[in-house]
Amino acid sequence: MPAAGSISEKRRMAATSNGKTPAAFQRALLRWYDAQRRDLPWRKTRDPYRIWLSEIMLQQTRVAAVLEHYRIFLERFPSIEALASASEADVLAAWSGLGYYRRARRLRQCAQQIVEQYKGSFPQNSEALLPLPGIGRYTAAAIASIVFGEPVAVVDGNVERVLRRLIGGTLTTRQVWEHAQAFLDRSRPGDFNQAMMELGATVCVPREPRCLACPARKWCVTRGVEVRRAKPAVHQQKKAVWCALDWREGNGGGNGKVRLVQRPRKAALMAGMWELPQSSAPPRTSRTAAPWRKFRHTITVTSYTVHVLRNKQIGNLLLPDDRFAAKGKWIGLDRIQQLPITGLTRKILKASGMI
DNA sequence: AACTCGGGGTC
DNA sequence: GACCCAGAGTT
C-alpha cells in the first residue's frame, strides 16, 4: 500500500478519481482556455466544412504553416460543392507547400462522397464520419465534438503528451484514449478537446514546459517530465539530385516561362505533380561548372542535396535521366500558382525570385 | 501494435 | 541531426 502523497496514490486520485469525472480539472482547464486561447480562423465558425478542412490541414502540420493556406483554400473553394467539383490538379495546386499531398486527394474524394451520398451535409456523429476518406479516429472525434457537440475525446500528439505528463507512469496508446475520454467535459466537448490541444501546443510543450503557467499543475503528477516510449531509430538516407532551372525571359511584362515536367500519374510519391526536370546523377557540364545554387531538402527520412543548374549549364547534353532531358512543358510564371508543384520546386522558384 | 506514407519546420 | 507537428491507412 503506497503512502498517501506518493506518486501512485496521486495518480489514482488524479486520473481515476473513483470513476468520477474530475470536475475541478475541467473547470480550471476551460477557464484557462476561455481566457488564453489563440485567435484562430477555424475557431470563429461551426461550419462543418470549415472545421473539417482545418482538421485535415492540421494533420501533422503546424498551425503557422496552415493559416495562409487555409485562407486561400477557402477563397478558392468556398463550399464543399465547389471542392467536390474541382479537378484534382486544382486541389493539389491549392495544397502545394503543405506536404502530405495524399491528404488533398482524400479531401477531394471525401467532398465528392459527402455531396453524392449525403446531399452535401456532413454525417453528424463520429461513428458515421469515420469511414470517410482521410477521416480517422482523431478527425472524426474532432469534427463531431466541435461541430455537433458529441461527447467524444480526441487524442493528438499534444493531448497524448499532456496526459502522459499529467498521469505519469507508462500508458499504452489504448489507455491514453481511455483517460482522454474519462477526463472529457461532456457539456463542452469541443472546447474541452481544443483546450487540451491548446495546452499542449502553448504550455505543456515538448521541451521546457511552462509548468508555472499551467492551469493543470495541481493535478499533474510529473510536473513536466514526459514519460515516453523509445521510438525505433530510423536512419536517415542521404541522396543527391540535379535540377534544371531552364527559363526564358518574358517580353517586358514579366511573363517569363520555366520548363517543368509532370510526375507520372501513378507515381508512388507526389503523383501527377509538376517539378523541375531532375536527374539522380550529374550531367557532364556540372563536373566543370559549379551549380547555380545548392539546396538542402529533407523528406521525412531522406536528406537531399539539390544542385540547381541554369540555362547554359543544361544545354543539349546527353543526360543520365530521361526526365532531365529536353522534355516537359514551358509554363508561364503567371500560371504556376494554379499548378500543383512539389515543395522542392516551390522552394527553388521562390529562391530564384520567379514566384 | 507496428509499419508505411514521403512534407515542412524548429532548435 | 534530432525531434516535432490538431494522423490516416494498412498489415
Side-chain angles (χ1 to χ4, degrees), chain A residues 33 37-38 40-43 50-70 92 95-107 109-110 129-146 153-163 171-177 180 190-202 204-209 226 228-239 263 267-271 273 275 295-304 340-347 350:
Chain A
Y33 179 67
R37 67 183 206 170
R38 290 169 293 176
L40 301 172
W42 45 88
R43 288 182 177 164
R50 289 168 182 255
I51 298 296
W52 165 63
L53 177 64
S54 74
E55 292 299 343
I56 303 295
M57 282 192 170
L58 287 162
Q59 287 169 6
Q60 299 289 285
T61 309
R62 287 166 199 276
V63 167
V66 167
L67 286 171
E68 180 76 352
H69 277 88
Y70 184 73
L92 283 170
W95 203 267
S96 175
L98 274 179
Y100 285 114
Y101 297 99
R102 195 160 298 183
R103 290 183 296 173
R105 298 176 214 278
R106 291 182 183 139
L107 187 83
Q109 288 170 19
C110 185
L129 287 162
L130 195 55
L132 292 167
I135 297 185
R137 187 174 180 184
Y138 163 81
T139 305
I143 297 171
S145 63
I146 295 170
V154 301
V155 174
D156 72 334
N158 289 311
V159 176
E160 178 160 0
R161 181 175 57 254
V162 169
L163 288 174
L171 301 173
T172 62
T173 304
R174 179 187 186 136
Q175 288 175 309
V176 172
W177 280 90
D191 284 344
F192 181 88
N193 280 334
Q194 294 189 77
M196 288 288 281
M197 294 190 276
E198 187 81 345
L199 190 67
T202 64
C204 195
V205 293
R207 286 178 283 246
E208 300 184 47
E226 193 171 3
R228 11 184 329 202
R229 290 162 299 175
K231 278 202 295 189
V234 282
H235 45 282
Q236 204 158 47
Q237 297 184 62
K238 290 185 179 180
K239 291 184 180 175
R263 296 175 63 84
L269 317 178
M270 297 173 276
M273 297 186 75
E275 61 188 2
F295 292 82
R296 301 198 70 82
H297 189 66
T298 305
I299 301 178
T300 313
V301 296
T302 309
S303 178
Y304 291 95
I341 60 174
T342 65
L344 173 59
T345 303
R346 173 177 296 267
K347 188 192 283 187
K350 256 186 186 165

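Each chain gets a letter, A, B and so on, in the order the sequences are listed, and its residues count up from 1.
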**Asked** Between A:Val154 and A:Phe192, is any pair of side-chain heavy atoms under 4.5 Å apart?
**Response** no
**Request:** Would you mind reporting whether A:Trp52 and A:Leu129 have side-chain heavy atoms less than 4.5 Å apart?
**Result:** no
Look at the side-chain N and O atoms of [X] and state whether any lies under 4.0 Å from the OP1 or OP2 oxygen of [N].
{"X": "A:Tyr100", "N": "B:dG9", "value": "no"}
{"X": "A:Gln59", "N": "C:dA8", "value": "yes"}
{"X": "A:Gln60", "N": "C:dG7", "value": "yes"}
{"X": "A:Arg207", "N": "B:dC11", "value": "no"}
{"X": "A:Thr61", "N": "C:dA6", "value": "no"}
{"X": "A:Arg161", "N": "C:dC5", "value": "yes"}
{"X": "A:Asn158", "N": "C:dC5", "value": "yes"}

**Message:** Please determine whether side chain to side chain contact (heavy atoms under 4.5 Å, CB included) holds for the pair A:Thr61 and A:Arg103, giving the CA-CA distance in whole Å, both sets of side-chain angles, and the decisive distance to 0.1 Å.
**Reply:** CA-CA 11 Å; A:Thr61 309; A:Arg103 290 183 296 173; 3.0 Å; yes
Could you tell me how far apart [X] ([atom1]) and [N] ([atom2]) are, to the nearest whole angstrom?
{"X": "A:Leu58", "N": "C:dA8", "atom1": "CG", "atom2": "C1'", "value": "15 Å"}
{"X": "A:Leu53", "N": "C:dG7", "atom1": "CG", "atom2": "P", "value": "15 Å"}
{"X": "A:Gln175", "N": "B:dA1", "atom1": "CD", "atom2": "C1'", "value": "13 Å"}
{"X": "A:Met197", "N": "C:dC5", "atom1": "CE", "atom2": "C1'", "value": "13 Å"}
{"X": "A:Asp156", "N": "C:dA8", "atom1": "CG", "atom2": "C1'", "value": "14 Å"}
{"X": "A:Leu129", "N": "C:dA8", "atom1": "CG", "atom2": "C1'", "value": "15 Å"}
{"X": "A:Trp177", "N": "B:dA1", "atom1": "CH2", "atom2": "C1'", "value": "15 Å"}
{"X": "A:Ile51", "N": "C:dA6", "atom1": "CD1", "atom2": "C1'", "value": "12 Å"}

Assign [X] to base, sugar-phosphate, or nothing according to its heavy-atom contacts below 4.0 angstrom with the strands shown.
{"X": "A:Trp95", "answer": "nothing"}
{"X": "A:Ile135", "answer": "sugar-phosphate"}
{"X": "A:Gly97", "answer": "sugar-phosphate"}
{"X": "A:Arg103", "answer": "nothing"}
{"X": "A:Val159", "answer": "nothing"}

**Request:** Return yes if the base of C:dA6 and the side-chain atoms of A:Arg43 contain a donor-acceptor N/O pair under 3.5 Å, otherwise no.
**Result:** yes
**Quiz item: A:Arg62 side-chain donor-acceptor pair to C:dC4 base, under 3.5 Å** = yes
**Prompt:** Taking the C1' atom of each, how far is C:dC5 from B:dG6, in whole Å?
**Reply:** 15 Å
**Asked** Under the 3.5 angstrom rule, does the side chain of A:Ser96 hit a backbone N or O of A:Ile341 as a donor-acceptor pair?
**Response** yes
**Request:** Nearest-nucleotide wise, let me know which of A:Pro131 and A:Gly200 is further upstream toward the 5' end of DNA chain C.
**Result:** A:Gly200
**Item:** Candidate nucleotides C:dA6, C:dA8, C:dC4, ranked by approach to the side chain of A:Thr139 - the nearest
**Value:** C:dA8
**Request:** Name the closest nucleotide to the A:Thr173 side chain, picking from B:dA1, B:dG6, C:dC5.
**Result:** B:dA1
**Request:** Say whether A:Thr202 and A:Arg38, considering side chains only, have a donor N or O and an acceptor N or O under 3.5 Å apart.
**Result:** no
**Request:** Find the distance between CG (A:Leu40) and OG (A:Ser54) and round it off to the nearest 0.5 Å.
**Result:** 9.0 Å
